[in-house]
Novice: 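My questions all concern the structure below.
Heads up: numbering here begins at 1 and tracks the sequence. Computation of the quantities below employed the complete heavy-atom set of this structure, encompassing side-chain atoms and omitting hydrogens, waters and symmetry-equivalent molecules.
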Amino acid sequence: MTLGFTVEALVGAGRGGGALAMGLRRVPEAAWLRPHPDRATRAAAFDAHADAVRLLPEADAAGAETAAMLGVEGGLAKAARARWEDLCLLQPAADGQYRLTAGAVAFPTDWRLADKVGLPLTAVHAPIHGYAEQLADGVDHFFRTLPAGPVFGRANWFVVPTDAWRYLPTDDPAARFAHVTTANVGETLFVRCERQTIRRLPQTGALLFTIGIAVAPLDALSKAAVHKVAAGIAAQSAGEHERRAAPFYAAALAGYAAGRGEEPSPS
């Protein structure tokens, strides 16, 4: 299965709940990044949020290499304005652990770049329940051994109460989802997808991690996609269920999925 760019495609490619997994697949060079990016929307986000770009001194060369790879004059910040994807750089510290050394993140999903830059991978992913136990060793090995050239990708998705490109909630989740009812759930719940890719830069050896956001309401998705989202939420661990505020929408989502009809049988 290819890693598309729409919510429908990314839900199909993403993990459906249960134990954490990297879920990587090879991405052809021609399908690495989304074509025809909305540069005006990107520029507006970066202009409004000065904290959307952070670059440690050791990432300067990798930032310039990223821009050159994307055909952009300048560094990481200008490269991220030219593409739809947010761009992050990871580089090994003296102890061999990869750290987040730079980022240009216009459309964050429940994380702040200023809180993460400079941290090793396990600390970056600390809010994710089960990451240290289930994924950390595998991710570390993959990052250490990934050669320059191939691009790998994965999809991740969330259920949110807004179609805003930036999702940084600070309010109480009960209030955040209070407007969602069984009558309007198809219009008021949105699936927010992250299309993530990773590749090694050939000159500096840094890892370039990209995050492309796609958002759509439940009503815009197929019955199969809705059932996968509902089943994935139901299968989450207790910790992830709580972190993603699922107790405040899971029942409405399950009812909506049931109302869309029986889950399609695999062909």
Novice: For a 4.5 angstrom cut-off between non-hydrogen side-chain atoms, does Leu207 reach Arg144?
Specialist: no

Novice: Checking Arg83 against Asp38 for the salt bridge (charged side-chain N to carboxylate O under 4.0 Å, His left out) test, could you report, in this order, the C-alpha distance in whole Å, the side-chain angles of both residues, the deciding distance, and whether it holds?
Specialist: CA-CA 8 Å; Arg83 305 303 308 211; Asp38 181 350; over 6 Å; no

Novice: Examine Leu56 and Leu208 and state if one hydrophobic cluster contains both, with Ile, Leu, Val, Met, Phe, Trp and Tyr joined whenever side-chain heavy atoms are less than 4.5 Å apart.
Specialist: no

Novice: Can you tell me how far the CG atom of Leu113 sits from the CG atom of Leu100, to the nearest 0.5 Å?
Specialist: 6.0 Å

Novice: Which pair of heavy atoms, one from Leu201 and one from Ala62, lies closest together, and at what distance?
Specialist: CD1-O, 3.6 Å

Novice: Under 3.5 Å, side chain of Arg176 to main-chain N/O of Asp171, donor-acceptor pair present?
Specialist: yes

Novice: In Å, rounded to the nearest 0.5 Å, how long is the span from CG of Asp163 to CG of Leu189?
Specialist: 12.0 Å

Novice: Which pairs, with at least one residue in residues 178-202 and sequence neighbours excluded, count as a salt bridge (charged side-chain N to carboxylate O under 4.0 Å, His left out)?
Specialist: Glu29-Arg199

Novice: Please determine whether a side-chain nitrogen of the Lys or Arg among Arg99 and Glu58 lies less than 4.0 Å from a carboxylate oxygen of the Asp or Glu.
Specialist: yes

Novice: Test Leu55 against Leu76 for side chain to side chain contact (heavy atoms under 4.5 Å, CB included), laying out the working first.
Specialist: CA-CA 8 Å; Leu55 191 75; Leu76 190 71; 4.3 Å; yes

Novice: For Asn184, is there any backbone N or O sitting under 3.5 Å from a side-chain donor or acceptor partner on His179?
Specialist: no

Novice: Going from CD on Gln236 to CZ on Arg244, what distance comes out if it is rounded to the nearest 0.5 angstrom?
Specialist: 5.0 Å

Novice: Mind checking whether Val11 and Val185 sit in one hydrophobic cluster, side chains of I, L, V, M, F, W, Y counted as touching below 4.5 Å?
Specialist: yes

Novice: Quick check: do Pro92 and Gln97 have side-chain heavy atoms less than 4.5 Å from each other?
Specialist: no

Novice: Consider only side-chain N and O atoms of Thr210 and Gln196, and report whether a donor and an acceptor are under 3.5 Å apart.
Specialist: no

Novice: Indicate the atoms forming the closest heavy-atom contact of Phe5 with Ala31, along with that distance.
Specialist: CZ-O, 3.6 Å

Novice: For Lys228 and Gly14, indicate whether the former's side chain and the latter's backbone hold a donor-acceptor pair under 3.5 Å.
Specialist: yes

Novice: Less than 6.0 angstrom from the centroid, inside 45 degrees of the normal: does Arg42 satisfy that with respect to the ring of Phe107?
Specialist: yes

Novice: Taking atom types as modelled, is there a side-chain donor on Asp219 or Tyr256 under 3.5 Å from an acceptor on the other?
Specialist: yes

Novice: In Å, rounded to the nearest 0.5 Å, how long is the span from CG of Leu221 to CZ of Arg260?
Specialist: 7.5 Å

Novice: Identify whether Trp111 and Phe158 are in the same connected component of the hydrophobic contact network (ILVMFWY, side-chain heavy atoms under 4.5 Å).
Specialist: yes

Novice: Could you tell me which non-hydrogen atom of Val215 sits nearest to which non-hydrogen atom of Ile213, and how far apart they are?
Specialist: CG2-CG2, 3.8 Å

Novice: Does Ile233 reach the side chain of Tyr249, with side-chain heavy atoms less than 4.5 Å apart?
Specialist: yes

Novice: Indicate yes or no: at least one non-hydrogen side-chain atom of Pro202 is less than 4.5 angstrom from one of Met69.
Specialist: yes

Novice: Do you know the tightest heavy-atom contact between Trp84 and Pro37?
Specialist: N-CB, 3.4 Å

Novice: Transitively linked via ILVMFWY side-chain contacts under 4.5 Å: Leu121 with Leu24?
Specialist: yes

Novice: With a 4.5 Å heavy-atom cut-off, do Val117 and Thr101 have their side chains touching?
Specialist: no

Novice: For the pair Leu253 and Leu218, evaluate side chain to side chain contact (heavy atoms under 4.5 Å, CB included) and give the outcome as yes or no after the intermediate values.
Specialist: CA-CA 9 Å; Leu253 172 59; Leu218 291 178; 3.8 Å; yes

Novice: When rounded to the nearest 0.5 angstrom, what is the spacing between CH2 in Trp165 and CG in Asp86?
Specialist: 11.0 Å

Novice: With a 4.5 Å cut-off on side-chain heavy atoms, are Ile198 and Val151 touching?
Specialist: no

Novice: So which atom in Ala79 and which in Leu70 form the shortest heavy-atom distance, rounded to 0.1 Å?
Specialist: CB-CD1, 4.0 Å

Novice: Measure the shortest side-chain to side-chain distance between Trp157 and Leu10 over non-hydrogen atoms and say whether it is less than 4.5 angstrom.
Specialist: no

Novice: Phe152 pairs by ring-ring contact (aromatic ring centres under 6.0 Å, His included) with which of Phe209, Phe142, Phe143, Trp32?
Specialist: Phe142

Novice: Is the shortest heavy-atom distance from the side chain of Val105 to the side chain of Ile211 under 4.5 Å?
Specialist: no

Novice: Once you round to the nearest 0.5 Å, how far does CG of Leu89 lie from CZ of Arg54?
Specialist: 15.0 Å

Novice: Search all heavy atoms of Val72 against all heavy atoms of Ala82 and return the closest pair with its distance.
Specialist: CG2-CB, 3.7 Å

